[in-house]
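The residues of the chain are indexed from 1 along the displayed sequence. Every number for a ligand or one of its atoms is a count from 1 in the order of the listing.
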Amino acid sequence: MKDLISLHDITTEELHNLLKLGLKLKDEQKKGIQHHLLKGKTLGMIFTKSSTRTRVSFEVGMTQLGGYPLFLSSNDIQLGRGETIHDTAKVLERYLDGIMIRTYAHSDVIELAEEADIPVINALTDLLHPCQVLADLMTTYEHKGKLEGLKFAYIGDGNNMAHSIMYGCAKAGLDCAIATPEGYKCDEEVVENAKSDFKASGRELILTTDPVEAIKNADVVYTDTWVSMGQEAEKAERQRIFMPYQVNKEIFKHAADDAVFMHCLPAYRGYEVTEDVIDGPQSVIFDEAENRLHAQKAVMATLMG
Ligand code: CP
Ligand code: NVA
């Protein structure tokens, strides 16, 4: 494993090792045990989109591992003024021990990883958000005591979260149901890849336009914003089209009695989820947010250690 670009690229064993290490680092951190696995190392963090959780959890995680996080806003580096990804990769690999990047085009991250000799971590593209799903699987494990055989339901936009959830569930052995409106389905290539991963794991993938079908008996219920970064111009139209896909108390009744509610955040209450669900007793959103830190420390320690 040189990079973490997509959960489709890693094996079930690699995924389990990351989750195990994340849980161990979390436990040690809580006990005050220091683990300076990246002492003297520097992570460059390129952002061309906003972030709260990703930026803070990577910076804090790198610090807890004894290394140094270097925030690189695309507004400030020459990449934002048209320097090529190739030249950026070739320069940064001379200084850094790893690169984390959040950007629009997924192909840019693939190119960066191909060109740079150092590890590259995908911290969200328009296509995928693998670090979030590592944290979500870790959170699922903590709340359910297992992953294998659970049902994970995602309701909403067929976006980066839906894609990474499919990949993550297939690799971790969960059944997965995705409900999206007509016209907002998941990327076809990702669906094809996911189908082959589900075939290999022997678990079920349901793709539907019916949110009730997706949520039925689910152990985990997940949603995300209807308006991802870069889609702001479509906001009003999306809010109208997605309303029947809102996760509210009514639809939540179809999930398993002990289902947990998850959201990658930031959330928009009254749109993709109602307050009574996201702020209710079955919501584990802040555990997910915390686990970004621990899961990503496992990724950095594995790739850069
Ligand atoms: N969930 C997530 O990636 O949050 P940020 O956009 O705040 O980083
Ligand atoms: N789908 C959202 C996720 C934010 C963490 C976006 O891409 O904006």
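Taking the side chain to side chain contact (heavy atoms under 4.5 Å, CB included) definition, one finds that Glu148 meets it with Arg203, sequence neighbours left out. For the side chain to side chain contact (heavy atoms under 4.5 Å, CB included) test, residues two or more places apart in sequence or in another chain that qualify with Gln34 are His36. Lys146 meets the salt bridge (charged side-chain N to carboxylate O under 4.0 Å, His left out) test with no other residue; sequence neighbours excluded.
In terms of protein heavy-atom proximity, atom 8 (O) of ligand 2 is nearest to Met229 N, 2.8 Å. Of the protein's non-hydrogen atoms, Leu124 CD1, 3.9 Å is the one closest to atom 4 (C) of ligand 2. Here the heavy atom of the protein found nearest to atom 3 (C) of ligand 2 is Asp224 OD2, 3.7 Å.
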*asked:* Before you tell me yes or no, could you show the steps for Asp224 and Tyr154 under side chain to side chain contact (heavy atoms under 4.5 Å, CB included), namely the whole-Å CA-CA distance, both residues' side-chain angles and the distance that decides it to 0.1 Å?
replied: CA-CA 8 Å; Asp224 181 18; Tyr154 172 93; 3.6 Å; yes
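For ligand 2, the atoms lying closer than 4.0 Å to a non-hydrogen atom of Asn159 are 1 (N).
Ring planes of His8 and Tyr167: parallel class, angle under 30° (limits at 30 and 60°).
The CD1 atom of Ile165 sits 9.5 Å away from the CG atom of Asn160 when rounded to the nearest 0.5 Å.
For ligand 2, none of its N or O atoms has an N or O atom of Thr225 under 3.5 Å away. The N/O atoms of Leu265, backbone and side chain alike, include none that comes under 3.5 Å of an N/O atom in ligand 2. For ligand 2, one of its N or O atoms has an N or O atom of Ser228 under 3.5 Å away.
Note: the hydrophobic cluster containing Ile121 also contains Leu25 (ILVMFWY, side chain heavy atoms under 4.5 Å, direct or indirect links).
Near ligand 1, residues Ser51, Thr52, Arg53, Thr54, Arg102, His129, Gln132, Cys264, Leu265, Arg292 each place a heavy atom inside the 4.0 Å sphere around the ligand atoms.
The pair Glu288-Arg292 does not meet the salt-bridge criterion, since no charged nitrogen lies less than 4.0 angstrom from a carboxylate oxygen.
Lys24 NZ: 12 or fewer foreign heavy atoms inside a 6.0 Å radius. The 12-atom threshold is not exceeded at OH of Tyr141, counting heavy atoms of other residues, nucleotides or ligands nearer than 6.0 Å.
Contact annotation for Asn160 and ligand 2: only side-chain heavy atoms (C-beta onward) come within less than 4.0 Å of the ligand.
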